[in-house]
Amino acid sequence: MSQNPAPRVRFAPSPTGFLHVGGARTALFNWLYARSQGGTFILRIEDTDQQRSTEESYAAILRGLNWLGLDWDEGPHAGGDFGPYLQSERLDLYREHLDRLAAEDKVYKCFCTAEDLEAREKAVTDAGGVWEGYDRHCAHLSPEEIAVAEQAGKPCAWRLRTPDEGSTFWYDLIVDKREFQNTVLVDRVIVKADGFPTYQFACVVDDHLMGITHVLRGDDHVSNTPFQILIYQALGWPVPKFGHMPMILGPDRKRLSKRHGATSVEEFQTLGILPAAMLNYLALLGWSPGGNAKEVMSAQEIIKKFSLKKVGSSPAAFDYDKLNHINSEHIKNLSAVERLQLALPIITERGWGLDPDWMIHGCDGTEAYLGRVLGTLGNRFSSLITLPEQIGFFFTDEHFVDQEAWAGHVASDAARENLAALADALEAALDLAVAQPAGAFEEVIRTTAEARGVQAGDLIHPSRVALTGQSRSAGIFEVMELVGAPRTIRRLRAAAAAG
RNA sequence: GUCCCCGUCGUCUAGUGGUUAGGACACCGCCCUUUCACGGCGGCAACACGGGUUCGAUCCCCGUCGGGGAUGCCA
């Protein structure tokens, strides 16, 4: 019904660092918008800063996007009809449009060096004045003056002539009308002395040439927008729609930085965060499904509900607790097969596996065993990071031991005696040559408790710590089944002796 | 300094010119459980402040304060 053509949006990172959460969020919202509107998501690399751009950053950004599952329709490796998608390969295009602006006298050559500008700024401030940006020193050089400078071999940058009167405004997709008085806009450089365009210029030329309809970017770009609109006007081009999304802050509401913890997307991967959870959490930062709608969602569900109208306008603090919660919810939603795929590399990289000698009831291989282990874990499996600690005892005697739990449940004469008695009883009652099911262990524990005149719990709690090193675990009878009778008895005896 | 934006529980947020201001995380308590976790139930906790406009403002306007951003030949 709508007459609007399908939107074309882009994420345009500069390869000068890793993909950080702010960039990821920007990429995500562009992606969500494209996917929810049947539009096109474009990836463009803004590598016009010859000093800071690196191959490593470029690769890292692509890795980060891939990890999150943000696939682009046009861009590096994807191709497209509007390439190339690296700005460093589009220099001819910028030159062409600069020439046009120059021919129309909408830009001018500036021979000021960084030192010149510094000196003049210092002079102004020393005199008690306020330096309000470039002073248009070169705005009205005569042809002779320009010739002299060029003959002297002075490099020049190009600046856009900006108006002094009126205002420049736009209707923001997120924050309604935004307006800047033209007097606060300065004649900024659009092509640097090295011949490369500045961000301001390359961005406008590319957005137009690539048919970008909606520019969704961080709020830190707001002050660039009026200047860029002036460039569009100088070039005689229509202005796309702009939407400036609020910043993401650290938990202390200061600028998010490394000192707050992980800030690069890839760090979260090593922290055991699932990409789907990261995506989910990032989406919740600034956007809301509304009302009492559930927050734990898949990418598809988010796409279905996404709307720019529901994107808020206030900065959000990054909350690691909430991220972890979303993450554990995503893990809980995984199928048994998916959990197995997730856990398998974690145990194999530690060299853990099923020893055939253990004769575990109903298990004939590491995968089957791990599957059973994860089964007993159930929803206790909520973190990739704590998983090794949670299940290590199933695979090795060199497992994690919670000293507090040990002191509380094993380190007493009564506990040691109970453990020793239980070990004896198990050895006497069970055929150690065959795998034993959980029920067999339970029966021995209950009869032993009765025989000794103690509560079953008096045997269960010390046993749990003796076997798992922890005060919390899956049902203890299942644990015994999966640890196997020989190892169970050995650990009970070891605990009784060590207490 | 100047310009711009933002301001609902500690955090993410929903919301309306008249609501017991809703949900989620975290926290606390209870239940379940041989334990822990999960789960269930309950609790604590917010409209930054001051003026207007209005019969009535969390919501509209102005100011103050607080926070953030920009102020580059970085993006």
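Chain identifiers are assigned alphabetically (A, B, ...) following the order of the sequence lines, protein sequences preceding nucleic acid strands; residue numbering begins at 1 within each chain.
When the P atom is used for both B:A37 and B:A21, the distance is 34 Å, rounded to whole Å. The same atom, P, is picked in B:C61 and in B:G18; the two are 16 Å apart, to the nearest Å. Comparing the P positions of B:U11 and B:A26 gives an interatomic distance of 16 Å, to the nearest angstrom. Nucleotides B:C49 and B:C59 are separated by 10 Å at their P atoms, to the nearest Å. Straight-line distance between the C1' atoms of B:C3 and B:G10: roughly 32 Å, to the nearest whole Å. Remark: the separation of the P atoms in B:U8 and B:A14 is 10 Å, to the nearest Å. Going from the P atom of B:A24 to that of B:G39 covers 12 Å, rounded to whole Å. When the C1' atom is used for both B:G50 and B:G66, the distance is 14 Å, rounded to whole Å.
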Taking it one step at a time, do A:D164 and A:R136 satisfy salt bridge (Lys or Arg N to Asp or Glu O under 4.0 Å)? CA-CA 12 Å; A:D164 275 333; A:R136 289 179 172 160; 3.0 Å; yes

Start with the C-alpha distance between A:S335 and A:E338, add both sets of side-chain angles, then the distance that settles side-chain hydrogen bond (donor to acceptor under 3.5 Å, both in side chains), and finish with yes or no. CA-CA 5 Å; A:S335 69; A:E338 290 169 320; 3.2 Å; yes

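The interatomic distance linking A:R178 (CZ) with B:C4 (P) rounds to 11 Å, in whole Å. Between the P atom of B:A75 and the CZ atom of A:R90 lies a distance of 16 Å, rounded to the nearest Å. When the P atom of B:C3 is taken as reference, atom CD of A:Q181 falls 11 Å away, rounded to whole Å. A straight line from CZ of A:R255 to P of B:G69 spans 5 Å, rounded to a whole angstrom. Note: CG (A:N324) to C1' (B:C12) measures 15 Å, nearest angstrom. Rounded to whole angstrom, the span from the CG atom of A:D219 across to the P atom of B:C3 amounts to 17 Å. To the nearest angstrom, C1' of B:A26 lies 10 Å from NE2 of A:H325. Rounded to whole Å, atom C1' of B:A24 lies 20 Å from atom OH of A:Y320.
In summary, A:E301 and A:K304 do not engage in a salt bridge, as defined by a charged side-chain N under 4.0 Å from a carboxylate O.
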Any chance you could list the contact pattern along nucleotides 34-40 of chain B? Use B for base contacts, S for sugar-phosphate-only contacts and - for none, protein heavy atoms under 4.0 Å, 5' to 3'. BBBBSS-

For every nucleotide of nucleotides 60-67 of chain B, 5' to 3': is a protein heavy atom under 4.0 Å from its base (B), only from its sugar-phosphate (S), or from neither (-)? -------S

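Counting non-hydrogen atoms of other residues, nucleotides and ligands closer than 6.0 Å to CD of A:E145 gives a total above 12.
A:N280 places no side-chain N or O within 3.5 Å of a backbone atom of A:A276 that could act as its donor or acceptor partner. Remark: the backbone N or O of A:R161 is not paired with any side-chain donor or acceptor of A:D187 at under 3.5 angstrom.
Between A:D220 and A:V184, the residue anchored nearer the 5' end of RNA chain B, judged by the nucleotide with its closest heavy atom, is A:V184. Nearest-nucleotide mapping onto RNA chain B: of A:F180 and A:V130, the residue sitting toward the 5' end is A:V130.
Listed by first and then second residue, the side chain to side chain donor-acceptor pair (under 3.5 Å) pairs that reach into residues 17-29 of chain A come to none, sequence neighbours excluded.
Across all their heavy atoms, A:L28 and A:L279 have their closest contact at CD2-O, 3.5 Å. Considering all non-hydrogen atoms of both residues, A:D219 and A:P246 come closest at CB-CA, 4.1 Å.
Under the side-chain hydrogen bond (donor to acceptor under 3.5 Å, both in side chains) test applied with A:R452, the options A:N418, A:D458, A:T447 reduce to a single match, A:N418. For the ring pair (Phe, Tyr, Trp, His ring centres under 6.0 Å) criterion with A:H221, the lone passing option out of A:F242, A:Y199, A:F227 is A:Y199. Here the options are A:F318, A:W287, A:F268, the test is ring pair (Phe, Tyr, Trp, His ring centres under 6.0 Å), and the partner is A:Y281; only A:F318 passes.
Taking the ring centre of A:F169 as origin, the terminal cationic atom of A:K177 falls inside the region bounded by 6.0 Å and 45° from the ring axis.
The aromatic ring centres of A:Y94 and A:F196 sit 6.0 Å or more apart.
A 3.5 Å limit on both hydrogen-bonding distances identifies no Watson-Crick or G-U partner for B:C38. Base pairing of B:A24: its partner is B:U11, meeting the Watson-Crick or G-U wobble criterion (both donor-acceptor distances under 3.5 Å). B:C3 and B:G69 make up a base pair, with Watson-Crick or G-U wobble contacts both under 3.5 Å.
Scored by the side chain to side chain contact (heavy atoms under 4.5 Å, CB included) test, A:P388 finds A:I346, A:R350, A:W352 as partners (sequence neighbours excluded).
No contact: A:H244 has no heavy atom under 4.0 Å from any strand. Heavy atoms of A:E46 sit under 4.0 angstrom from primed sugar atoms or phosphate atoms, though from no base atom. Nucleic acid contact class of A:Q455 (heavy atoms, under 4.0 Å, all strands): none.
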Strictly under 3.5 Å: I want the nitrogen or oxygen pairs between protein and nucleotides 71-74 of chain B, one per line.
residue: B:C73; atom: O2; partner: A:A193; partner atom: N; Å: 2.9
residue: B:C73; atom: N4; partner: A:C112; partner atom: O; Å: 2.2
residue: B:C74; atom: OP2; partner: A:K192; partner atom: NZ; Å: 3.0
residue: B:C74; atom: O2'; partner: A:D49; partner atom: OD2; Å: 2.7
residue: B:C74; atom: O2'; partner: A:R52; partner atom: NH2; Å: 2.8
residue: B:C74; atom: O2; partner: A:R52; partner atom: NH2; Å: 2.9

Collect all protein-nucleotide pairs involving nucleotides 14-16 of chain B in which both atoms are nitrogen or oxygen and the distance is under 3.5 Å.
residue: B:A14; atom: O2'; partner: A:G291; partner atom: N; Å: 3.1
residue: B:G15; atom: OP1; partner: A:K310; partner atom: NZ; Å: 3.0

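In the model, A:R52 has no side-chain atom that pairs as donor or acceptor with a side-chain atom of A:S57 under 3.5 Å.
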